[in-house]
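Worksheet for the structure shown next.
What's counted below: heavy atoms across the whole structure, side chains too, no hydrogens, waters or symmetry copies.
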Amino acid sequence: MSKKLTSRTEDYSKWYNELVVKADLAENSAVRGCMVIKPYGYAIWEKMQAELDRMFKETGHQNAYFPLFVPKSLFEAEEKNAEGFAKECAVVTHYRLQTDPDREGKLRVDPEAKLEEELVVRPTSEAIIWNTYRGWIQSYRDLPLLINQWANVVRWEMRTRLFLRTAEFLWQEGHTAHATREEAIDETKQMNNVYASFVENFMAIPVIQGVKTESERFAGAEDTYCIEALMQDGKALQAGTSHFLGQNFAKAFDVKFANKEGKQDYVWATSWGVSTRLMGALIMTHSDDSGLVLPPNLAPYQVVIVPIYKNEEQFDAISKVAEDIMSDLRERHISVKFDKRDTLRPGAKFAQHELQGVPLRIAIGPKDLEKGTVELARRDTFSKETVILDRISVVVEDVLEDIQKSLFNKALNYRDSHITEVNSFEEFKAILETKGGFISAHWDGTPETEDKIKTLTKATIRCIPLDAKEEEGVCVYSGAASKRRVLFAKAY
């Protein structure tokens, strides 16, 4: 297969699909709608997971694990949640196979092995977790209960795309219980802030924090906070959500506690999560027609050293210098790889590391050894510079920091230049088709208008920004009174 990618401007969707596969991140599996995450792609996810896990624990959360299967009766207990996920559920009805006597070597479901109660393969874990919490919470002394789970979930999507939408995906889901409404709301906001901090500081993606409209909220939530990002094709991507669940799940599963006055009350709940969809966001925000562009904070290795030599003597001399560089870089907590494969020429190695988005490349040849220098190449700008060997570690550290900031600023400039205020529906439609991005427009607050705009344009209200100012106006579609602008966009 050719390493050359389809151009983003020619076919953005095809470019994305090719890049995920050619950069060795993931591939489609034998199971419809599911993916295999390959080692290089999983290494990026592991870095995301490690940093988020650190941030969760710093805010007082602990990890636990709950069953993959949810009894159907439990799943149905919170009606809005059950209704919201019903069409995406995979359901287990039997527990055993048996040999088919009419077809040698084939198996079929054993009709005698039908489950007494059907099991839903979790699309989300509120039901099984809140049923468990009933036994964990009796008193205010048991609160707050701050639990996170790293897991897989199944949502039977009909249209799938690697990382962005698959029938099975990896994620984390936080589920917390609190004594008061105020504590639960504070937790919801705090975790949305954690997500925003991670996505901006590690993924180098600027986000807009906001709340969802009632029709876009998580099923069973009283309020959903979110972070919204903008991809290079002008479409939005929901990068994370944090939900204030009120007492809905506590009432559905009868989770009560004795407060300080000795009175029984239902606990207040939150849930929050991000998934491997963040991998799609990372790819689509920074990458180019040559391949991945990875922010240094999440690159599996931040620096690759490529030797250029003609014989074993030259290779040995270069290897000694490379080992010294690696030792210095690792002392500075910089991840580095020495690509000493003898099955590829230097040019092919350059192309592979470029495709896989390694932030910095160091090339060392015999002439570099004579001069006491190395060549340093940036992936984000393709610029090269000759660096004195004695200064390479300091320069690498500074350049990696600059790459991280530059990627964020580039994405921020793109995002900010693609937020457009409109005051008429004609202008709304024109911007959506010609420029894309976020459209800031007045909305009358009714789900009827929201649904009509979605039907006519495929644009949805991504969020009501938390920093939205009160501004008297008229709805861009209905002409009814409006007190603030909201952000619309076509989205993944």
Side-chain angles (χ1 to χ4, degrees), residues 31-34 61-98 107-138 142-158 166-178 184 217-222 224 241 243-257 264-273 275-276:
V31 184
R32 191 202 69 79
C34 295
H61 299 84
Q62 295 178 295
N63 288 334
Y65 187 80
F66 298 86
L68 173 67
F69 302 113
V70 184
K72 188 179 176 185
S73 59
L74 291 184
F75 189 74
E76 293 171 336
E78 210 295 322
E79 293 180 8
K80 288 184 180 178
N81 189 254
E83 183 180 345
F85 286 99
K87 293 181 180 179
E88 299 173 345
C89 286
V91 182
V92 180
T93 59
H94 291 72
Y95 62 87
R96 187 172 61 214
L97 295 173
Q98 66 180 22
L107 299 174
R108 63 184 177 91
V109 172
D110 183 346
E112 300 298 320
K114 189 173 183 178
L115 293 173
E116 290 182 11
E117 181 177 4
E118 295 177 347
L119 298 174
V120 175
V121 183
R122 64 175 169 225
T124 183
S125 297
E126 277 79 5
I128 194 71
I129 286 176
W130 278 95
N131 183 67
T132 304
Y133 282 2
R134 183 171 58 225
W136 290 7
I137 299 170
Q138 280 81 42
D142 301 318
L143 301 172
L145 182 58
L146 308 176
I147 300 294
N148 175 65
Q149 170 176 238
W150 291 96
N152 62 337
V153 290
V154 172
R155 295 180 184 176
W156 213 254
E157 302 280 1
M158 298 309 294
T166 49
E168 179 198 19
F169 55 89
L170 305 181
W171 78 346
Q172 58 73 212
E173 49 181 322
H175 298 271
T176 69
H178 304 266
R217 285 177 198 156
F218 177 76
E222 287 191 15
T224 290
T241 50
H243 316 291
F244 170 58
L245 303 177
Q247 294 177 311
N248 295 338
F249 284 88
K251 290 177 179 178
F253 292 93
D254 197 32
V255 184
K256 295 179 180 178
F257 73 104
Q264 290 285 310
D265 194 10
Y266 290 105
V267 299
W268 298 84
T270 82
S271 67
W272 29 273
S275 73
T276 37

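Using a 4.5 Å heavy-atom cutoff, the side chains of Thr241 and His243 are in contact. Contact of the Leu115 side chain with the Val92 side chain is registered, since non-hydrogen atoms from C-beta on lie closer than 4.5 Å. Considering only heavy atoms from C-beta on, Gln247 comes within 4.5 Å of Asp265 through its side chain. Between Val267 and Tyr133, every side-chain heavy-atom pair lies at or beyond the 4.5 Å cut-off.
Applying the salt bridge (charged side-chain N to carboxylate O under 4.0 Å, His left out) test to every pair with at least one member in residues 146-158, sequence neighbours left out, gives these pairs: Glu157-Arg165.
Although no hydrogens or angles enter the test, the distance criterion places a donor-acceptor pair under 3.5 Å between the side chain of Asn248 and the main chain of Gly220. Judged purely by atom type and a 3.5 angstrom limit, Arg217 uses its side chain to pair as donor or acceptor with the backbone of Glu222.
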Take Leu143 and Ile137 through the test side-chain contact (heavy atoms from CB on, under 4.5 Å) and record every step on the way to the result. CA-CA 8 Å; Leu143 301 172; Ile137 299 170; 3.9 Å; yes
CA sep, side-chain torsions, deciding dist, call: Asp142, Phe257, side-chain contact (heavy atoms from CB on, under 4.5 Å): CA-CA 8 Å; Asp142 301 318; Phe257 73 104; over 6 Å; no
Could you walk me through whether Leu145 and Trp136 pass side-chain contact (heavy atoms from CB on, under 4.5 Å), step by step? CA-CA 9 Å; Leu145 182 58; Trp136 290 7; 3.8 Å; yes
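Every ring-ring contact (aromatic ring centres under 6.0 Å, His included) that Phe85 has, sequence neighbours left out, goes to Phe218. Annotation: salt bridge (charged side-chain N to carboxylate O under 4.0 Å, His left out) contacts of Glu78 (sequence neighbours excluded): none. Taking the side chain to side chain donor-acceptor pair (under 3.5 Å) definition, one finds that Thr270 meets it with Thr176, Trp272, sequence neighbours left out. Residues satisfying the side chain to side chain donor-acceptor pair (under 3.5 Å) criterion with Glu117, sequence neighbours excluded, are Ser73. Asp110 pairs by the salt bridge (charged side-chain N to carboxylate O under 4.0 Å, His left out) definition with Arg96, not counting sequence neighbours. With sequence neighbours excluded, the residues forming a side chain to side chain donor-acceptor pair (under 3.5 Å) with Trp150 are Asp53, listed by chain and number. Residues that satisfy the ring-ring contact (aromatic ring centres under 6.0 Å, His included) test with Tyr266, not counting sequence neighbours, are absent from this structure. Trp156 meets the ring-ring contact (aromatic ring centres under 6.0 Å, His included) test with no other residue; sequence neighbours excluded. In terms of the side chain to side chain donor-acceptor pair (under 3.5 Å) criterion, residue partners of Arg134 (sequence neighbours excluded) are, by chain and number, Asn131. When the salt bridge (charged side-chain N to carboxylate O under 4.0 Å, His left out) test is applied to Glu118, the partners found at least two apart in sequence or on another chain are Lys72.
Aromatic ring orientation, Phe249 versus Phe253: parallel (interplanar angle below 30°, classes split at 30° and 60°).
Within 6.0 Å of the CD atom in Glu83, the count of heavy atoms belonging to other residues, nucleotides or ligands does not exceed 12. Few gaps surround CD on Gln264; more than 12 heavy atoms of other groups in view lie less than 6.0 Å from it. Residue Glu79 qualifies as open at atom CD: its count of foreign heavy atoms under 6.0 Å is 12 or below.
Taking each heavy atom of Ala64 and Ile147 in turn, the nearest pair found is CB-CG2, 3.8 Å. The two atoms that bring Cys89 and Val120 nearest to each other are SG-CG1, 3.7 Å, heavy atoms only.
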Scan the side chains in residues 121-128 for donor-acceptor partners under 3.5 Å anywhere in the protein, sequence neighbours excluded, and list what turns up.
residue: Arg122; atom: NE; partner: Asn152; partner atom: O; Å: 2.7
residue: Arg122; atom: NH1; partner: Phe66; partner atom: O; Å: 2.8
residue: Arg122; atom: NH1; partner: Pro67; partner atom: O; Å: 3.1
residue: Arg122; atom: NH2; partner: Tyr65; partner atom: OH; Å: 2.9
residue: Arg122; atom: NH2; partner: Asn152; partner atom: O; Å: 3.1
residue: Arg122; atom: NH2; partner: Asn152; partner atom: OD1; Å: 2.9
residue: Thr124; atom: OG1; partner: Glu126; partner atom: OE1; Å: 2.5
residue: Ser125; atom: OG; partner: Gln149; partner atom: NE2; Å: 3.4
residue: Ser125; atom: OG; partner: Glu173; partner atom: OE1; Å: 3.4
residue: Ser125; atom: OG; partner: Glu173; partner atom: OE2; Å: 2.7
residue: Glu126; atom: OE2; partner: Ser271; partner atom: OG; Å: 2.9

